[in-house]
Structure formats: C-alpha cells, structure tokens
Amino acid sequence: MPELPEVETVRRGLATRGLGRVEAVLWLDPRMVRGPVPGEEIARRLLHQEARGAERYGKFLVWRFASGDGLLLHLGMSGRLEVGVAPDVPWAPHTHLVVLLTDGFEVRLRDPRRFGRIGWVVGPPALRVGPDPLAPDFTARRLAQLVAGRRRAIKAVLLDQASLGGVGNIYADEALWRARIHPATPAGALDERQVARLHRALRAVLREAIASGGTSFRDYVDALGRPGRFAGRLKVYGRRGSRCARCRGRIETMHLAGRTTHFCRACQRPAEAGDRPVVMSTEG
DNA sequence: AGATGATCCTGTATGC
DNA sequence: TGCATACAGGATCATC
C-alpha cells in the first residue's frame, strides 16, 4: 500500500527513532527474505550494527549502519514499520522482524500479506528503480525524455518502477487528474505542455502528501503509528461515482496496467488527432 | 516493446 | 448468522 509519500514518512520516522546499536535480533521471518543473503545470515550481520539513518529508493527503504551495510526493506501492500516500541508491548499478528536497540526500544516489521521483503545490502543497493520524481534534477525535460517514443499508457509508465521510482496507484491517478491527462494516453503522444503539467502535478501532489504524512485508507500508519492525513485531499482515487472537484463530472474507473484507475472523463480527455507529441533525441 | 493474467498472501467489505 | 466473492497503496514472471 505505501507509495513514495508514505515510505518517505516512514523513512523519517526510522531515521529519527531507529538509532543506537542493535542489541538483539529477536525474530526475522525467513519467508520475508529475498536476495542472496539468507535470513539467518541477515540476523547475524545485524547484531551490533550501529544505526546511522535511513534512505529511500523509490518505495524501498535502507536502514543504514555505520559499517556501510544496510537492511533493505520493502513494505509491499500491507507492510508497516514500527519504531520506538517498548519491549513489553505484545507482538502484533504478522510480525516478521523484531530488532532490539541499545536504547531499550524495538524496531518491528508487520506485514499480513507478506508482499514486502527484507534483504541485506552492502553499500548502495542494486535496484531496478528509476529516478526519484522529487529529486532536484528531475526536471520536466527528464520526464519528457522518459515518455518520448513510448507507446505504453502514461499511467503504466508512471507505475513502472524502473522508469520512475516511488509512484503507485493513488498518486499516478491523482497526478494525471491534476494535469488533466487521460490515463490511457500513450506516453509518447503527450505534447510539451502536457508533459510540463504532469511534471508539475506529480511533484506537487507528492510533496503535499508528504506534508500530510501520506494517505491512510485502512492499513497505513507511519513509523510512530499515526495515520496519514492526505485521504481527504484526494480528488479521484477511491471517489468513483462522486463529482469531479474541477468540472462536476462523474469520477469513473477503468482497468489499466492491471490496476483500478480513477479519472474524470470530462476533464481528462484522450489525445486527439493533430496533437503534436514531443520528439526528442534518444542520445544521451 | 508492451499488454494481460497468474502468482505471492491476509483482511475486509459486499452481497446473497 | 454464515458463506462466497471481490477487492486492496506492489512486484514479478510467463505468455502472447
């Protein structure tokens, strides 16, 4: 469930409260582990590591240690990270990782569906994750390069983590609504103004969502257990059948890229014949 | 290259 | 009340 704003909010919680030295690894569920390093080995390597902060790569988190190694985490659909938990608090169901720190508090990972993952990284992680849409160097020009010549639906491109890191179903729909672009528009058919609008919309909605601590529908809470406050500001996601805030049209849904897609047919028009796509050099 | 469907899971909401 | 079904903030793999 968590997308960039939720993962970023969790990252901040982990960076703030996941400090000190690892005193004990009380539980690490091997079913959560992906990658070459097995769970037992991860648990062994975690012991006595000194936490130094947390990084985010798209929807991935790395809990970084002074040694330069890090614990790689992905929250999948239903994952929650809990920091600053007192050891006398009973483990919630589906708790797959429990790390005791020298400050006396624990870091725990819960994930009922187990779509998330745990791994070990040495140095920077090797992940198929594209540029971060909030990075200073993610310009409209870079977005234009990303969509140029591609026939895939723009929403599919936004969701493709190898193209762009961190955008999920909620914020893809929200950004496209803000930019007044139909989700099924072939990416390469977007004209320069549409790309500029999408770039602006994407960054704005992600920034605003982070400022609100993310979006909570059911599961999601941040590392301190607080729900996000952005749900009330969503314009299309989860609003099928209600009125478009911009044109009073009806919000509808369709299936695209395997996901339920929310949009307003009236103000997110499909591309028309005669629209001029952005053509860019593929060099560089 | 890209679309689609299946797969990995449990929890919750709905419809009968 | 029970039971069946659909669906969910994700990612990956096989198949066409």
Side-chain angles (χ1 to χ4, degrees), chain A residues 1-11 29-35 56-61 72-81 92-96 109-119 125-130 133 146-177 183-189 202 205-206 208-210 212-223 227-241 253-262 282:
Chain A
M1 54 141 159
E3 306 181 30
L4 190 155
E6 292 76 33
V7 178
E8 175 60 22
T9 304
V10 170
R11 185 198 68 77
D29 188 337
R31 293 177 303 179
M32 294 293 292
V33 174
R34 301 296 141 74
R56 180 182 58 77
Y57 303 87
K59 297 170 193 168
F60 286 89
L61 284 172
L72 181 72
L73 298 169
H74 194 291
L75 301 177
M77 290 277 261
S78 56
R80 294 183 183 195
L81 198 68
H94 309 293
T95 294
H96 306 304
L109 178 72
R110 292 172 61 186
D111 185 0
R113 296 177 73 179
R114 277 187 276 123
F115 286 177
R117 55 180 52 184
I118 297 173
L127 299 167
R128 276 178 286 182
V129 173
L146 219 86
V147 302
R150 302 183 69 176
R151 296 186 180 187
R152 301 186 76 182
I154 182 59
K155 169 154 179 182
V157 173
L158 293 179
L159 289 180
D160 175 10
Q161 298 300 297
S163 298
L164 203 58
V167 180
N169 207 28
I170 292 180
Y171 299 104
D173 285 0
E174 292 297 313
L176 289 166
W177 179 85
T185 310
L202 195 52
V205 73
L206 294 172
E208 291 168 25
I210 290 172
S212 295
T215 300
S216 290
F217 267 107
R218 41 180 79 91
D219 295 331
Y220 170 74
V221 292
D222 72 12
R229 305 176 305 281
F230 198 70
R233 297 182 55 189
L234 297 175
K235 304 296 190 189
V236 284
Y237 190 91
R239 299 192 66 238
R240 177 173 59 185
T253 61
M254 65 182 289
H255 280 279
L256 213 165
R259 318 296 298 278
T260 300
T261 297
H262 310 69
T282 51

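FYI, side chains are in, hydrogens and waters are out, and symmetry mates aren't considered; it's all heavy atoms of this structure. A note on names: the letters A, B, ... follow the listed sequences, proteins ahead of strands, and every chain is numbered from 1.
- Put simply, the side chain of A/H262 never gets that close to the backbone of A/D173: no donor and acceptor are under 3.5 Å apart.
- With rounding to whole Å, A/D160 atom CG is found 10 Å from C/dT12 atom P.
- The A/R152 side chain lies nearest to B/dG2 when the options are C/dA11, C/dC13, B/dG2.
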Each base of DNA chain B marked ( ) or [ ] if paired in-strand (Watson-Crick or G-U under 3.5 Å), | if paired to another strand and . if unpaired gives .|||||||.|||||||
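- Rounded to whole Å, the distance from CG on A/L75 to P on C/dG10 is 11 Å.
- Counting heavy atoms of neighbouring residues, nucleotides and ligands inside a 6.0 Å radius, atom CZ of A/R240 does not exceed 12 of them.
- One N or O on the side chain of A/Q161 and one on the backbone of A/G166 form a donor-acceptor pair closer than 3.5 Å.
- Between atom OH of residue A/Y171 and atom CZ of residue A/F230 there is a gap of 6.0 Å, rounded to the nearest 0.5 Å.
- Ranking C/dC13, C/dA8, C/dA11 by closeness to the A/K59 side chain, first place goes to C/dA11.
- The OH atom of A/Y57 sits 17 Å away from the P atom of C/dA11 (whole-angstrom rounding).
- If you find the closest nucleotide of DNA chain C to A/R117 and to A/H255, the one lying nearer the 5' end belongs to A/H255.
- For C/dG10, neither phosphate oxygen OP1 nor OP2 lies less than 4.0 angstrom from any side-chain nitrogen or oxygen of A/Q161.
- Following rounding to the nearest Å, A/D173 (CG) and C/dA8 (P) show an atom-to-atom distance of 11 Å.
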Treating primed atoms plus P, OP1 and OP2 as sugar-phosphate and everything else as base, which nucleotides of nucleotides 6-11 of chain B get B, S or - for protein heavy atoms under 4.0 Å? --BBBS
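- In terms of modelled atom types and a separation under 3.5 Å, the side chain of A/T95 and the main chain of A/A92 share a donor-acceptor contact.
- Atoms CG (A/L256) and C1' (B/dT4) sit 12 Å apart, rounded to a whole Å.
- Here CG of A/L81 is found 12.5 Å from CZ of A/R11. Values are rounded to the nearest 0.5 Å.
- Counting any heavy atom pair closer than 4.0 Å across all strands shown, A/T260 reaches sugar-phosphate atoms only and no base atom.
- A/D160 and A/R152 are joined by a salt bridge, as a carboxylate oxygen and a charged side-chain nitrogen come within less than 4.0 angstrom of each other.
- Between A/K155 atom NZ and B/dG2 atom P there is a gap of 17 Å when expressed in whole angstrom units.
- B/dC8 and C/dC3 have their C1' atoms separated by 25 Å, with the value rounded to a whole Å.
- Atom CZ in A/R80 sits about 17 Å away from atom C1' in C/dG10, given to the nearest Å.
- With hydrogens and angles ignored, the 3.5 Å screen pairs no side-chain donor or acceptor of A/E174 with any backbone N or O of A/L234.
- C/dC13 atom C1' lies 13 Å from atom CZ of A/R34, rounded to whole Å.
- Distance check: A/T261 OG1 to A/L159 CG gives 7.5 Å after rounding to the nearest 0.5 Å.
- The shortest distance between side-chain heavy atoms of A/D111 and A/L75 does not fall below 4.5 Å.
- Contact check, A/H74 against C/dG10: no side-chain N or O comes under 4.0 Å of OP1 or OP2.
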